[in-house]
Amino acid sequence: MANSQRLDRLRAVLNAENYEVAALVPGSNFRYLTDSIHFLMERPLVLFVPKQGRPALVIPHLETELFTSHGFDTELFPWVDGQGYAGAFSAAAQYLHLDGKTVAVEGQLMRFFEVEAIRRAASDVQVIDGHHALSSIRLRKDAQEIASLRRAIQISETALARTLEQVKVGMTERQVLNLLVGTMQELGGEGLSFEPIVLAGDNSSRPHGKVRNDYAIREGDPLLFDFGCTVGGYHADITRTVFVGAPSDEHRAIYAAVLAANERGRKTARPGIAGRDVDAQTAQVLRDAGYSDLIAHRTGHGLGLDIHEAPYISPDSATLLEPGMVFTIEPGLYRAGSVGIRIEDNVVVTEDGCESLSTFSRDLLVIG
Ligand code: GLY
Ligand code: MN
């Protein structure tokens, strides 16, 4: 059953931001409010939530029963294939008295044709990007959300441990990835957070590199895993970098710097500190170790129903951390064409600091 407190929270955002109506498309905010999961496909499906009064949903007819099974109270405006959706949008706009109103949309999600459908359905309607404010309803995770994250992380970490026991020189990145994915599925992972990143040797220097089918792992290679499974829609996102055979002195030194930065990030995160300050202190450890040139990305990102969401732990994030916020701490160093090392944890802010939900050893590990 949909959670009415979540709807109240969205209405509080509408009031605070002076938006008259929110218009949501299928995605994490939509799911969070209604419990209903739909594809973002070519058929438009838009939930309008006014400041006061009943929400209105324009929905393809074939999705109606799926939606109503979750009990979210809304006026329905279904449309059928072949008839087009303009009439459903017009009827919803009349129901909501949309003429002249300001409609806030998720600018990172809503597409041009959906915006056009809203604009055509009412006169003088102003469509604005409210992505950040609308998504803020999901910033603080409740106990049930944290439990799903813990389970997703636990499955992911157990799968990593079992995979590492089997990795040998000569295996390909693809073979290692298949082992990892199969083990997460066996252990009860419901889906993949994303196509896992398993990168050996020089490929590890690409922060979001692609797995190779034909590269056989060599003695001394760094092997970077960035991966996770989902449970109840909540994403684990863990990175560990191990070595297959003894690492070089340079690789050991880079590893030590990344580990120290990861530790600083986890020690720094607490209620009241801004995301950018956690990022600055974490990055400073990497710079102090002499690796400014090898920094390629921010320290972290929020984690939940989306794999990347607020709060961001980045130089431009003024968000003040609050208990219940969940995000990654994932400093990394990358020497192009040579080596990449990243250590990523998933943490939740507590009353007086933060707890790492991921607990897989961060010690330099030599396997194979
Ligand atoms: N994996 C680093 C980032 O996307 O921020
Ligand atoms: Mn991440």
Side-chain angles (χ1 to χ4, degrees), residues 28 108 132 135 138-139 141 148-150 152-153 155-157 159-160 177 180 184 189 191-199 203-211 222-231 233-241 254-255 257-259 261-266 268-269 274-283 285-286 291 294-317 319 321 325-336 339-349 354 356-360 362:
S28 295
Q108 293 175 24
H132 179 73
S135 302
R138 295 187 289 113
L139 270 172
K141 274 60 181 175
S148 296
L149 283 159
R150 278 190 201 280
I153 290 164
I155 291 170
S156 304
E157 293 191 323
L160 178 61
L177 178 147
L180 182 65
M184 284 194 286
L192 296 174
S193 294
F194 48 89
E195 175 76 7
I197 294 172
V198 179
L199 309 172
N203 206 18
S204 62
S205 74
R206 300 168 180 141
H208 292 166
K210 295 288 164 262
V211 168
L223 182 60
L224 185 151
F225 295 83
D226 185 349
F227 72 105
C229 68
T230 60
V231 168
Y234 286 83
H235 296 75
D237 185 11
I238 297 161
T239 306
R240 289 292 184 270
T241 312
I254 293 176
Y255 193 97
V258 172
L259 179 56
N262 171 291
E263 281 166 359
R264 175 71 65 84
R266 286 183 288 111
T268 306
R276 64 181 167 216
D277 293 330
V278 178
D279 177 71
Q281 294 212 32
T282 307
V285 176
L286 301 174
Y291 293 117
L294 306 193
I295 299 172
H297 56 74
R298 65 193 174 197
T299 295
H301 55 85
L303 201 59
L305 286 173
D306 280 330
I307 181 68
H308 285 191
E309 61 181 43
Y312 292 96
I313 310 300
S314 60
D316 54 359
S317 174
T319 304
L321 300 184
M325 289 183 177
V326 174
F327 48 85
T328 67
I329 296 286
E330 53 174 308
L333 290 172
Y334 310 89
R335 196 182 291 293
V339 63
I341 290 172
R342 178 164 67 252
I343 304 174
E344 176 177 28
D345 284 296
N346 303 162
V347 307
V348 58
V349 179
C354 82
S356 186
L357 301 171
S358 47
T359 55
F360 196 95
R362 302 171 190 93

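Indexing begins at 1, ligand by ligand and atom by atom, following the structure's order. Just the heavy atoms: all of them, side chains too, but no hydrogens, waters or symmetry mates, feed the values below. Residue numbers run from 1 in the order of the sequence given. Because the structure is predicted, anything quoted here is derived from the model rather than measured.
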Whether His301 has an N, O or S atom under 2.8 Å from the Mn ion (ligand 2): yes
Atom 3 (C) of ligand 1: nearest protein contact (heavy atom, Å): Arg298 NH2, 3.8 Å
Return the closest protein heavy atom for atom 2 (C) of ligand 1 as residue, atom name and distance. Glu330 OE1, 3.4 Å
Glu344: its N/O/S atom lying closest to the Mn ion (ligand 2) (atom name): OE2
Test item: [X] side-chain N/O and [Y] main-chain N/O as donor-acceptor pair under 3.5 Å:
X	Y	value
Thr230	His235	no
Ser204	Gly340	yes
Glu157	Thr359	yes

Could a heavy atom of His208 be found less than 4.0 Å from some atom of ligand 1? yes
Between [X] and [Y], do the side chains contain an N or O donor and an N or O acceptor separated by less than 3.5 Å?
X	Y	result
Tyr334	Arg342	yes
Asp306	Ser28	yes
Ser358	Asp345	yes

Indicate, as side chain, backbone, both or neither, the part of His308 found under 4.0 angstrom from ligand 1 when only non-hydrogen atoms are considered. side chain
For the metal site, I want the angle between atom OD2 of Asp237 and atom OE2 of Glu330 with the Mn ion (ligand 2) at the apex, to 10°. 150°
